[in-house]
Amino acid sequence: QVQLVESGGGLVQAGGSLRLSCAASGRTFSSYAMGWLRQAPGKEREFVAAISWSGKWIYYADSVKGRFTISRDNAKNTVYLQMNSLKPEDTAVFYCAARRSSLANSSNYVYPESYDYWGQGTQVTVSS
């Protein structure tokens, strides 16, 4: 069992930056692949970024590639999402999620249903 708590969301102007954090409970955090997904009003939840337990495998959605960076610190049981050059279309509730299955040779990390545990979400609003 893993419990996830996101923080770091807020209101920022277009072009600005935010860093989201996700603190995980449990001694097995380092065995989970982690992901960030987001959901804008009226839209389905969509994949943003994922990182393997070791950090070797990292994936991004095309819409955030080059602007967002996912990282993790297994000693602190925390995963981060650094978001730069934010755009109004990035406005959404951002969720941290954990999955037991490996990211290696995987393509299903883009699907929300492939994640086993979820945080409560943190709101990110980007004004134009």
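Side-chain atoms are counted along with the backbone in the values below, which use heavy atoms only and exclude waters and symmetry mates. Just so you know, these numbers come straight off a predicted model, no measurement behind them. Here, residue 1 is the first one in the sequence, and each next residue gets the next number.
Transitive grouping of hydrophobic side chains (ILVMFWY, heavy atoms separated by less than 4.5 Å) keeps Y95 and W36 in distinct clusters. Residues Y109 and Y60 do not share a hydrophobic cluster, clusters being chains of Ile/Leu/Val/Met/Phe/Trp/Tyr side chains in contact below 4.5 Å. Hydrophobic clustering of Ile, Leu, Val, Met, Phe, Trp and Tyr side chains at less than 4.5 Å, counting indirect connections, unites L20 with I70. There is a path of hydrophobic side-chain contacts, each under 4.5 Å, that joins V79 to Y117.
In this structure, a donor-acceptor pair under 3.5 Å is absent between the side chains of D73 and T78. Using modelled atom types and a 3.5 Å distance limit, the side chains of N108 and R99 yield a donor-acceptor pair. Side-chain contact check for S85 and R67: no donor-acceptor pair (N or O, by modelled atom type) lies under 3.5 Å.
Note that OG of S102 is 8.0 Å distant from CH2 of W57, once rounded to the nearest 0.5 Å. The structure places CG of D116 at 10.0 Å from CD of Q1, a figure rounded to the nearest 0.5 Å. How far CD of Q123 is from OG1 of T91: 7.0 Å, rounded to the nearest 0.5 Å. Taken to the nearest 0.5 Å, the CZ atom of F29 stands 5.5 Å off from the CG atom of N77. Note that the OG1 atom of T69 and the CD1 atom of I58 stand 8.5 Å from one another [nearest 0.5 Å]. For the atom pair S21 OG and L81 CG, the distance stands at 9.5 Å (nearest 0.5 Å).
A donor-acceptor pair is defined here as one N or O able to donate and one able to accept, closer than 3.5 Å; such a pair exists between the side chain of E6 and the backbone of C96. With hydrogens and angles disregarded, no donor-acceptor distance shorter than 3.5 Å links the side chain of T125 to the backbone of L11. Side chain of S52 to main chain of G55: a donor-acceptor pair is present (N/O by atom type, distance under 3.5 Å, no hydrogens or angles). The backbone N or O of W53 lies less than 3.5 Å from a partner atom in the side chain of N74, making a donor-acceptor pair.
E44 CD: 12 or fewer foreign heavy atoms inside a 6.0 Å radius. Other residues, nucleotides and ligands contribute more than 12 heavy atoms inside 6.0 Å of the CD atom of E89.
For the side chain to side chain contact (heavy atoms under 4.5 Å, CB included) with F94, the lone residue among V124, L37, L18 that qualifies is V124.
Taking the ring axis of W118 as reference, the NZ or CZ atom of R45 stays within 45° of it and closer than 6.0 Å to the ring centre. By the 6.0 Å and 45° rule, R100 does not stack over the aromatic ring of Y32.
Between V64 and M83 the shortest side-chain heavy-atom distance does not fall below 4.5 Å.
Taking the six-membered ring where the residue is Trp, the centroids of F47 and Y111 are separated by 6.0 Å or more.
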**Message:** Test side-chain contact (heavy atoms from CB on, under 4.5 Å) on F68 and V48; report intermediate values, then the result.
**Reply:** CA-CA 9 Å; F68 290 10; V48 175; 3.7 Å; yes

**Request:** Dump the intermediate steps for side-chain contact (heavy atoms from CB on, under 4.5 Å) on L103 and K56, then the final yes or no.
**Result:** CA-CA 9 Å; L103 290 184; K56 177 179 179 180; over 6 Å; no

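Closest non-hydrogen pair, Y59 versus S106, comes out as OH-O, 4.4 Å.
No salt bridge links K87 with D90; every basic N to acidic carboxylate O contact stays at or beyond 4.0 Å.
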